[in-house]
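These numbers were taken from a predicted model, which means no experiment stands behind them.
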Amino acid sequence: HRLLRHHLGRLMAFGVRKVFLEVEEGNVSALRLYRRAGFVEAGRREGYYPKAAGKPANALVLRRDLAGHSCELWTMTPPDNGRATAPSLR
């Protein structure tokens, strides 16, 4: 989570206001990381990731608004439901 926080802070320093990314919907560890960092679901891409055998996997499009937040103040602890919608601030 430190690497993600570092790079989001760098993007903020360059004036970036929103970050989007795609993650395979079955990648539980990555989804947990991104949700704890304040990313929220913004869409879905059906069949985005090809699979060697079987049906292609879907991607979730996640968005993180950077405007008005300081990455240095984040804690990476989600609210009780585990689905963070904004960064937790100290």
**Report entry** ILVMFWY network linking L21 to Y48, side-chain heavy atoms under 4.5 angstrom
**Finding:** no

Requested in this report: Output the rest of the hydrophobic cluster of L3: all Ile, Leu, Val, Met, Phe, Trp and Tyr residues reachable through side-chain heavy-atom contacts under 4.5 Å, sorted by chain and number.
Outcome: none

Report summary line: For K55, the salt bridge (Lys or Arg N to Asp or Glu O under 4.0 Å) test, sequence neighbours excluded, returns none

Report task. Might you point out which heavy atoms bring L31 and V23 nearest each other, and give the distance in Å? Result -> CD2-CG1, 3.4 Å

**Report entry** Set of side-chain contact (heavy atoms from CB on, under 4.5 Å) partners for E25, sequence neighbours left out
**Finding:** R44, N58, L60

Report summary line: Here the pair of heavy atoms bringing P56 nearest to P50 is CB-CA, 4.3 Å

**Report entry** Stepwise side-chain contact (heavy atoms from CB on, under 4.5 Å) test for H1 and L33
**Finding:** CA-CA 7 Å; H1 74 268; L33 171 70; 3.7 Å; yes

Report task. Linking directly or through intermediates, with side-chain heavy atoms under 4.5 Å: list the remaining ILVMFWY members grouped with V61, chain and number order. Result -> F20

Query raised in the report: In the single-linkage hydrophobic clustering (I, L, V, M, F, W, Y; side-chain heavy atoms under 4.5 Å), do F39 and M12 co-cluster?
Result: yes

Report summary line: Looking only at heavy atoms, the pair that brings D65 and R63 closest together is OD1-NE, 3.2 Å

Query raised in the report: Does V40 reach the side chain of L62, with side-chain heavy atoms less than 4.5 Å apart?
Result: no

**Report entry** Linked hydrophobic residues, V28 as query - side chain contacts closer than 4.5 Å
**Finding:** none

Requested in this report: With sequence neighbours left out, write down each residue that passes side-chain hydrogen bond (donor to acceptor under 3.5 Å, both in side chains) with R45, or none if nothing qualifies.
Outcome: E22

Query raised in the report: What distance separates R64 CZ from L11 CG, expressed to the nearest 0.5 Å?
Result: 11.0 Å

Query - Which atom of A57 lies closest to which atom of E24, heavy atoms considered - result: CB-OE2, 3.4 Å

